Amino acid sequence: MKMKDLESIFTSNIKSADKLQGFVPEMHIERAERAYEAQLQRREKYGYKTTYSREFDERGIVVIPNFMSDLTGFVEEIEKFPIAENKNEQNLLFGEIAASMWRCGGENNSHLETFKRIYDIVMDCHALSTLEPQFRQNTFIQRLQNSPDNNDVQKVMHMDTFFITVKFWFFPQDVAIDDGPFCYVPKSNILTDKRKDWMRRQWTDIIDGNIDPRRTYGHAEGSLRIFDEELIEMGFDPEATAHPVKANTLVIANTFGFHARGEVSNTVIRQAIHGSIRLLQPFDV
């Protein structure tokens with residue numbers, strides 16, 4: 001691989017193995033180390049504006065109950081939107097269709113202030129002063145239909161990519177343990193030696209074409225899947241990952257850490273305001 005090609009990779013957020021032919025496992029680890037160090041430097045420069053960001057750095061997940069002062073009419077408005085797991089032209093929170101919902105809120109126009117508060121906290125967790133375009137483009141009304149044993153690859157514990165990515169969910173209704181709550185391994189956002197050893201083994205298998213089918217297609221794309229026994233080897237408790245919440249709770253997570261969608265006992269629709277912030281240049285400070 002030519003030096004200019006290597007430098008282009010180290011200034012990108014590419015994660016897919018098929019776009020990184022010629023990489024050796026150690027190069028993947030170096031990318032992760034560089035991105036991790038860049039985030040530490042951004043934090044040193046930005047500081048902590050709230051207590052939430054410190055908890056975010058230490059545990060990788062923040063759960064904020066009683067987030068809104070008034071939920072009146074909130075769920076009813078969300079339920080006007082179709083079932084959708086991902087963003088589309090109809091459910092973007094700041095798109096024309098969804099935004100009209102909040103403009104018509106009357107006394108509940110305080111919802112807009114709530115979204116601004118979410119933005120401020122998310123930026124603080126990410127150690128960034130502004131990334132408003134991504135926030136506006138990636139925040140949407142998620143009405144997720146979850147069925148038991150549906151072979152959903154998001155139910156396999158995984159990391160999204162090799163650098164910090166912030167995702168958030170505002171849940172206006174209770175999400176019980178049987179409703180497929182968000183699952184997260186606290187402190188798995190920290191790039192330890194054990195974590196690097198595990199990632200090194202996974203990239204070796206990917207490059208060698210030796211992937212356990214249970215890890216799903218996402219593994220080869222760089223969204224590495226991990227099994228319970230591997231979490232135990234790293235010192236984590238796989239049984240302590242589910243985060244059921246009460247209505248009116250904001251959850252923010254660093255999805256460089258291990259996370260998954262929870263399993264359900266019956267088909268349910270889990271509703272949330274959901275969004276993500278992924279840096280385009282994860283090595284920049």
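Throughout, numbering of the chain's residues begins at 1 and tracks the sequence. These numbers come from the heavy atoms of this one structure, side chains and all, not from hydrogens, waters or symmetry mates. All of these numbers come straight from a predicted model, not from anything done at the bench.
The hydrophobic cluster containing Tyr52 also contains Met68, counting ILVMFWY residues as joined when their side-chain heavy atoms lie under 4.5 angstrom apart, directly or transitively. Residues Phe168 and Val251 do not share a hydrophobic cluster, defined by chaining ILVMFWY side chains whose heavy atoms lie under 4.5 Å apart. Val245 and Val185 fall into different hydrophobic clusters, where Ile, Leu, Val, Met, Phe, Trp and Tyr side chains are chained together by heavy-atom contacts under 4.5 Å. By the rule that hydrophobic residues join a cluster once side-chain heavy atoms approach within less than 4.5 Å of another member, Val122 and Val62 end up as members of one cluster. In the hydrophobic clustering of this structure, Ile141 does not group with Phe171; members are Ile, Leu, Val, Met, Phe, Trp, Tyr whose side-chain heavy atoms approach within less than 4.5 Å, directly or through other members.
Between the side chain of Asp208 and the backbone N or O of Asn210 there is no donor-acceptor pair closer than 3.5 Å. Remark: the backbone N or O of Tyr46 is paired with a side-chain donor or acceptor of Lys49 at under 3.5 angstrom. Under a 3.5 Å cut-off, the side chain of Arg215 and the backbone N or O of His219 do not form any donor-acceptor pair. Proximity of a side-chain donor or acceptor of Asp124 to a complementary backbone N or O of Thr50 within less than 3.5 Å is detected. Checked by atom type and distance alone, the side chain of Ser188 pairs as donor or acceptor with a backbone atom of Phe258 at under 3.5 Å. Although no hydrogens or angles enter the test, the distance criterion places no donor-acceptor pair under 3.5 Å between the side chain of Thr241 and the main chain of Tyr184. Side-chain atoms of Arg43 come within 3.5 Å of backbone atoms of Cys125 as a donor-acceptor pair (strictly under, hydrogens ignored). Arg143 contributes a side-chain N or O that, together with a main-chain N or O of Phe81, makes up a donor-acceptor pair within less than 3.5 Å. The backbone N or O of Ala176 lies less than 3.5 Å from a partner atom in the side chain of Asp179, making a donor-acceptor pair. Judged by distance alone, the side chain of Asp205 and the main-chain N or O of Gln202 form no donor-acceptor pair under 3.5 Å.
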Would you please test Glu263 and Asp149 for side chain to side chain contact (heavy atoms under 4.5 Å, CB included) and show each step? CA-CA 8 Å; Glu263 186 56 271; Asp149 304 318; 3.8 Å; yes

Residue pair Met123, Leu131: steps toward the side chain to side chain contact (heavy atoms under 4.5 Å, CB included) verdict: CA-CA 7 Å; Met123 290 302 101; Leu131 214 59; 3.8 Å; yes

Hey, mind stepping through Leu279 and Leu128 against side chain to side chain contact (heavy atoms under 4.5 Å, CB included) and telling me if it holds? CA-CA 10 Å; Leu279 294 179; Leu128 296 168; 3.6 Å; yes

Asn189 and Ile164: CA distance, side-chain angles, deciding distance, side chain to side chain contact (heavy atoms under 4.5 Å, CB included) verdict: CA-CA 8 Å; Asn189 59 304; Ile164 176 176; over 6 Å; no

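Between Phe182 and Val175 the shortest side-chain heavy-atom distance does not fall below 4.5 Å. In this structure, the side chains of Ile252 and Lys167 stay at 4.5 Å or more apart for every pair of heavy atoms. At a threshold of 4.5 Å between non-hydrogen side-chain atoms, the residues Met199 and Leu191 count as touching. No side-chain heavy atom of Pro172 sits less than 4.5 Å from a side-chain heavy atom of Asn248. With contacts defined as side-chain heavy-atom distances shorter than 4.5 Å, the pair Ile121/Ile64 qualifies. Taking 4.5 Å as the limit, every side-chain heavy atom of Trp169 sits out of range of all side-chain heavy atoms of Ile273. Residues Asn138 and Lys87 are in side-chain contact: their nearest non-hydrogen atoms beyond the backbone lie under 4.5 Å apart. Thr249 has its side chain within reach of Val63: a pair of non-hydrogen atoms, C-beta onward, lies under 4.5 Å apart.
For the side chain to side chain donor-acceptor pair (under 3.5 Å) test with Gln39, the passing option among Arg42, Glu37, Gln41 is Arg42; the others fail. With Ser147 as reference, Thr267 is the one residue of Asp152, Asn266, Thr267 to meet the side chain to side chain donor-acceptor pair (under 3.5 Å) rule. Shown are Phe170, Phe135, Phe140; of these, the ring-ring contact (aromatic ring centres under 6.0 Å, His included) with His274 is made only by Phe140.
Using modelled atom types, one finds no donor on one side chain facing an acceptor on the other under 3.5 Å when comparing Arg278 with Ser276. Side-chain contact annotation: Asn150 with Lys155, donor-acceptor N/O pair under 3.5 Å present. Between the side chains of Asp57 and Tyr48, at least one donor N or O lies within less than 3.5 Å of an accepting N or O. When only modelled atom types and interatomic distance are considered, Tyr119 and Thr114 share no side-chain donor-acceptor pair under 3.5 Å. Side-chain contact of Gln271 with Gln142: a donor-acceptor pair under 3.5 Å is absent, judged by distance alone. For the residue pair Asn66 and Lys246, no side-chain donor N or O sits within less than 3.5 Å of a side-chain acceptor on the partner. For the residue pair His259 and Asp160, a side-chain donor N or O sits within less than 3.5 Å of a side-chain acceptor on the partner.
In this structure, Arg225 forms no cation-pi arrangement with Tyr217, as its terminal cationic atom is not both closer than 6.0 Å to the ring centre and no more than 45° off the ring axis. Because its NZ or CZ atom is both nearer than 6.0 Å to the ring centre of Phe256 and within 45° of the ring axis, Arg195 counts as a cation-pi partner of that residue.
For the atom pair CG (Asn146) and CD (Gln154), the distance works out to 11.0 Å, reported to the nearest 0.5 Å. Distance CD1/Ile206 to CZ/Arg201: 13.0 Å, rounded to 0.5 Å. From Arg31, atom CZ reaches atom CZ of Phe162 across 3.5 Å, with rounding to the nearest 0.5 Å. Between the CD atom in Glu230 and the CG atom in Leu224 there is a gap of 10.0 Å [rounded to 0.5 Å]. Arg270 contributes atom CZ, which lies 9.0 Å from atom CD of Glu85 (distance to the nearest 0.5 angstrom).
The two residues Ala242 and Ile177 make their nearest non-hydrogen contact at CB-CD1, 3.6 Å. Across Ala38 and Pro282, no two heavy atoms sit closer than the pair CB-O, 3.6 Å. In plain terms, the two heavy atoms of Ala240 and Pro186 that are nearest each other are O-CD, 4.1 Å.
The environment of CD in Glu239 is sparse: at most 12 heavy-atom neighbours from other residues, nucleotides or ligands sit within 6.0 Å. Atom CD of Glu229 is surrounded by more than 12 heavy atoms from other residues, nucleotides or ligands within 6.0 Å.
For Asp212, the salt bridge (charged side-chain N to carboxylate O under 4.0 Å, His left out) partners at least two apart in sequence or on another chain are Arg214.
With respect to Glu30 and Lys196, no salt bridge is recorded, no charged nitrogen being found less than 4.0 Å from a carboxylate O. For the pair Asp120 and Lys116, the salt-bridge criterion is met [side-chain N within less than 4.0 Å of a carboxylate O]. A salt bridge is defined here as a Lys NZ or Arg NE, NH1 or NH2 lying under 4.0 Å from an Asp or Glu carboxylate O, and Lys80 with Glu77 meets this definition. In this structure, Arg200 pairs ionically with Glu26, as a charged nitrogen and a carboxylate oxygen lie closer than 4.0 Å.
Phe227 has its ring centre no less than 6.0 Å from the ring centre of Trp198.
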